[in-house]
**Student:** 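Questions regarding the structure given below will be posed in turn.
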Amino acid sequence: MIPTKHGHPDVSMTSDTELDFNSALAELDKGLRSMKPGEQCEAIVKFPALFEKYPFPILVNASFLKLAEVFRNGTNFLRLWILRVCQQSENHIKKVQNVDEFVKRTFSVIHSNDPVARSLTLRLLASLAPVVPEHVGVHHSVRTALDSFDAIELQAAITAAEAFASKSEVFAIQLFDKIAEKIQSLSCPVETKIQLLPILKHMGSDAPTAARVRHICEELLEQNFPQALNVQTLDILTTFAEQTTAQVEDQVNLLLRRLRTDPNRVVRIHCLKNLKKLAKKGYLWNKEQTNNLLEITPGELNQIEEALVLEVLAELVTNEGVNSLDLLPDSPVHVLWKTYISANNLKVASAALRLLSHLAARSPVEADSFDLILETNRALESLLLSPTCMEQAEVPIGRTLMTKTLSAAVELGRINKDVCTLLAETLGNRLVDLQLGYTLSSVCEALSFLGDKYQLSLLPILSKVNLCISRFICDVVEEEEKSRLKEQIMVRLCVLLCLAHHGYSWQAESLSTLRLAALHGNYWSTYRIARACARYDHAQVGLEIMAPLDKILSSESRAAYIQGCTELLRSKSMLLSQEGALSEKISAAADCCERAASHLKLVSEQGLITSFIFHEEYLKTRAYFLIACGQLVATLKTLRTAPPPAPAVALGAGGTYKDDLLKCGRAATQLKNSVGDFRRVAAQYESLYESSFDADADTLSQILINQHYCLMF
């Protein structure tokens, strides 16, 4: 019989929880009422931890009301700590039920003669913007505070104004005149104008206000203001255009004009960065704008700006902006990437290569696309052979650029199998030549993605992978960072071997190399190699690699986890084995799943590492499924070895039995029992699905597939 589970609420546990948070709240309330400021501060700073431990609305509501009372009657020092509690508890402040009472108690401080107290109140109200976005009294106080001559209060008012403008369209529209007056005022400092500008990006709810915002910002750019204000204005206009969409064309024209006329290098770089943001809406660009961008001669820009121009064009091609480009062989865009594809600067060469790969992937003419693919392949090989670029690729910025470049190559490999094989051979041929570094690690990762797309693309480079693993086994690395990188590369190379042999029998050389890599690596690398074997259905090989680990680990919980993984691999290995009777293999696999579940239960009970309650329940359900399959196999075997007697068949044919299934004899009853077993397993999967609602989509899909598979019987 397959057992079933039903959950019942534990009343005693609920009562204990209520007692715990009531006593904790009472203890903190005692600290708040203390006459010693130190004890009051100690009680205040403990509230965020209390909210995380007991996130109940009734507790959060009572706590914030107590804090509001202290805020109203306390000192500025206590108000500062209460403000920090509110800022740290943004996820819990929405649970306050008596919002009006909370605002009433804290809002009274806004009428204080102390500007510091008023600024703390404004910042506290800013943290309440998601809760009370349309509070008229708060809106009036924020607008009034913007006229303050105290610097601290003015900064707090700006913070509150931006917070409420992002939540309330009405407040944002009403605030426009005040913000416009201060920005256009000659007496307002530049630093204040820079702080006020971000508020404007929340004023695009209606077309007239949006047009007025753009008009004010364009007037600022025409005046002779410092670099920081110009950059901030351009960024705000770009953000505003992204939100409203209708102003994208005007903003692109403005940025292109500033790019050609502004002598300031920093402003030009920000113009290109903003153009890259707007290139994500490439379908809104026209040919005139792209031609203006391509007309910029190489001598006018430095290397950073050249790379940004190429990135803008690559982003355009990626986001349906290819229609605004002339793609003829001698067009400006082709001349541009040919100019920079062999640059010694990694940033420029990487951007040109990404532009070329995107053009190859989206070229409308098949013949041109194939030529561009060959050019991309040659450029990628040239980049990996360039000593200067490889040296630059080892620094953090260079690693990111190399990752982006290889990602573009992988995307190009998705066109068809031939392109995937071509790129895999190009990258695989460089495995032996590349030195130990982050570039080699990125190349291995790119090969894994290409192998996932088309597995046979890895077969021509297996000898290179084996040779590279053998080289690292013999190398001795003393530096800790280099040693860690070596282990990471070894694991990724072993993943390539597992992926290449997925569904095929192992080559003797590859299997020997994999075992040597697992033997010479550290314990963590050995575990990762065994896990890769399990992922690609090499359960027996993974079992051989993982089995010795449980005798090495000193921690009981970690040893139990490894034992659970070992039993799971043994279960999978038995099911994939070609030897032995089917019923015996299924029974042994079910026993292994049950043992694996018991090991993971031990890990969860100790609580030293991540809880494995879900894994335990899943393995138990899988064991029940295997038991049901074993019973079905036994029933079918009985039907084959002991068919129904001839009299039963004759009686069934003569109509004596009311149920036609009875003429099948005992096998009919056994099949009915098997169907009931599978129904109960399906119910177990349904219960597991409901209790795992926060799991990832792939896991939930697999549970549903297993459930429907059981319902098919």
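The first residue of the sequence shown is numbered 1, and numbering continues consecutively from there. All of these numbers come straight from a predicted model, not from anything done at the bench.
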**Student:** Sub-3.5 Å donor-acceptor pair from the side chain of Lys585 to the main-chain atoms of Ser577, do we have one?
**Tutor:** yes
**Student:** For a quick test of your reading: what N or O donor-acceptor pairs under 3.5 Å do the side chains of residues 422-433 make, sequence neighbours left out?
**Tutor:**
unit_1, atom_1, unit_2, atom_2, d
Thr426, OG1, Asn377, OD1, 2.4
Thr426, OG1, Asn377, ND2, 3.2
Thr426, OG1, Leu422, O, 3.0
Asn429, OD1, Lys464, NZ, 3.0
Asn429, ND2, Glu425, O, 2.9
Arg430, NH1, Glu381, OE2, 3.4
Arg430, NH2, Asp433, OD2, 2.6

**Student:** Could you tell me whether the side chain of Tyr438 reaches within less than 4.5 Å of the side chain of Met402, counting heavy atoms only?
**Tutor:** no
**Student:** Taking Glu617's backbone N and O only, do any of them form a donor-acceptor pair with Thr621's side chain (distance below 3.5 Å, no angle check)?
**Tutor:** yes
**Student:** With a 4.5 Å heavy-atom cut-off, do Leu514 and Trp506 have their side chains touching?
**Tutor:**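 Counting from C-beta outward, Leu514 and Trp506 do come under 4.5 Å.
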**Student:** More than 12 heavy atoms of other residues, nucleotides or ligands under 6.0 Å from CG of Leu519: is that the case?
**Tutor:**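 Yes, the 6.0 Å shell around CG holds more than 12 heavy atoms from other groups.
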**Student:** Hey, could you give me the CD/OG1 distance between Gln631 and Thr635, rounded to the nearest 0.5 Å?
**Tutor:**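 One finds 7.5 Å between CD of Gln631 and OG1 of Thr635.
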**Student:** Are any of the side-chain nitrogens in Arg570 or Glu567 under 4.0 Å away from the carboxylate oxygens of its partner?
**Tutor:**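 The answer is yes: the pair qualifies as a salt bridge.
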**Student:** Got a donor-acceptor contact below 3.5 angstrom from the Gln455 side chain to the His502 backbone?
**Tutor:**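 Yes; judged by distance alone, with no hydrogens or angles, the pair exists.
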**Student:** Hey, are the side chains of Thr421 and Leu456 touching, using non-hydrogen atoms and a 4.5 Å cut-off?
**Tutor:**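 Not in contact.
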**Student:** Would you check if the side chain of Thr403 reaches a backbone N or O of Arg399 as a donor-acceptor pair within less than 3.5 Å?
**Tutor:** yes
**Student:** Run the ring-ring contact (aromatic ring centres under 6.0 Å, His included) test against Tyr523 and tell me which residues pass, sequence neighbours left out.
**Tutor:** none
**Student:** Which residues satisfy the side chain to side chain contact (heavy atoms under 4.5 Å, CB included) test with Gln707, sequence neighbours excluded?
**Tutor:**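 Testing Gln707 for side chain to side chain contact (heavy atoms under 4.5 Å, CB included), a comparison that skips the adjacent residues, returns Ala682, Tyr685, Glu686, Leu704, Leu711.
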**Student:** Distance from Leu549 atom CG to Ile562 atom CD1, nearest 0.5 Å?
**Tutor:** 5.5 Å
**Student:** Say whether Gln702 and Asp698, considering side chains only, have a donor N or O and an acceptor N or O under 3.5 Å apart.
**Tutor:**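 No donor-acceptor contact under 3.5 Å links the two side chains.
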**Student:** Report all side-chain donor-acceptor pairs from residues 485-498 shorter than 3.5 Å, counting only partners two or more places apart or in another chain.
**Tutor:**
unit_1, atom_1, unit_2, atom_2, d
Lys486, NZ, Phe472, O, 2.9
Lys486, NZ, Asp475, O, 2.7
Glu487, OE1, Ser525, OG, 2.8
Arg492, NH1, Ser441, O, 3.0
Arg492, NH1, Ser441, OG, 2.7

**Student:** Can you confirm whether Leu459 sits close enough to Tyr504 that some side-chain heavy atom of one is under 4.5 Å from a side-chain heavy atom of the other?
**Tutor:**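 Leu459 does not reach Tyr504 side chain to side chain.
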**Student:** Are Tyr340 and Leu336 side-chain neighbours, meaning at least one heavy-atom pair lies under 4.5 Å?
**Tutor:**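 With C-beta onward as the side chain, the pair touches.
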**Student:** Tell me which pairs pass salt bridge (charged side-chain N to carboxylate O under 4.0 Å, His left out) where either residue lies in residues 524-543, with sequence neighbours left out.
**Tutor:** Asp537-Lys572
**Student:** Roughly how far, to the nearest 0.5 Å, is the CG atom of Leu346 from the CE atom of Met390?
**Tutor:** 6.5 Å
**Student:** State which residues pass side chain to side chain contact (heavy atoms under 4.5 Å, CB included) with Gln507; sequence neighbours excluded, sorted by chain then number.
**Tutor:** Leu462, His501, Ser510
**Student:** Give the minimum heavy-atom separation between Ala361 and Ile415, together with the two atoms involved.
**Tutor:** CA-CD1, 3.8 Å
**Student:** Can you tell me how far the SG atom of Cys593 sits from the CG atom of Leu575, to the nearest 0.5 Å?
**Tutor:**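 Separation between the atoms: 7.5 Å.
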**Student:** Take atom CD in Glu391; do more than 12 heavy atoms of anything else shown fall under 6.0 Å from it?
**Tutor:** no
**Student:** Does anything in residues 339-354 form a salt bridge (charged side-chain N to carboxylate O under 4.0 Å, His left out)? List the pairs, not counting sequence neighbours.
**Tutor:**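 For residues 339-354: Glu311-Lys347, Glu311-Arg354.
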**Student:** Taking the side chain as C-beta and beyond, is there a heavy-atom pair between Leu406 and Leu380 under 4.5 Å?
**Tutor:** yes
**Student:** With sequence neighbours excluded, what pairs up with Tyr527 under the ring-ring contact (aromatic ring centres under 6.0 Å, His included) test?
**Tutor:**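 Partners of Tyr527 under the ring-ring contact (aromatic ring centres under 6.0 Å, His included) test: Trp524.
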**Student:** Could I get the full list of salt bridge (Lys or Arg N to Asp or Glu O under 4.0 Å) partners for Glu544, not counting sequence neighbours?
**Tutor:**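 Salt bridge (Lys or Arg N to Asp or Glu O under 4.0 Å) check on Glu544 returns Arg515.
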**Student:** Residues two or more places apart in sequence or in another chain: which of them pass salt bridge (Lys or Arg N to Asp or Glu O under 4.0 Å) with Arg378?
**Tutor:**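 With sequence neighbours excluded, Arg378 shows a salt bridge (Lys or Arg N to Asp or Glu O under 4.0 Å) to Glu375, given in chain and number order.
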**Student:** Please list all pairs passing the side-chain hydrogen bond (donor to acceptor under 3.5 Å, both in side chains) test where one or both residues lie in residues 407-418, with sequence neighbours left out.
**Tutor:**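 Output for this query lists Arg362-Glu411.
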**Student:** Establish, from distance only, whether the side-chain atoms of Gln540 and Ser573 form a donor-acceptor pair under 3.5 Å.
**Tutor:** yes
**Student:** Does Ala508 have any side chain to side chain contact (heavy atoms under 4.5 Å, CB included) partners at least two apart in sequence or in another chain, and if so, which?
**Tutor:**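 Expected list: none.
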**Student:** Indicate yes or no for a side-chain donor-acceptor contact from Ser557 to the backbone of Val603 under 3.5 Å, with no hydrogens or angles considered.
**Tutor:** no
**Student:** So, taking the atom named CG in Leu619 and the one named OG in Ser598, what distance separates them when rounded to the nearest 0.5 Å?
**Tutor:** 9.5 Å
**Student:** For the residue pair Ser357 / Thr376, report whether a side-chain donor-acceptor contact shorter than 3.5 Å exists.
**Tutor:**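 Note: Thr376 and Ser357 side chains miss the donor-acceptor criterion.
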**Student:** Output the distance between atom SG (Cys629) and atom OH (Tyr624), rounded to the nearest 0.5 Å.
**Tutor:** 15.0 Å
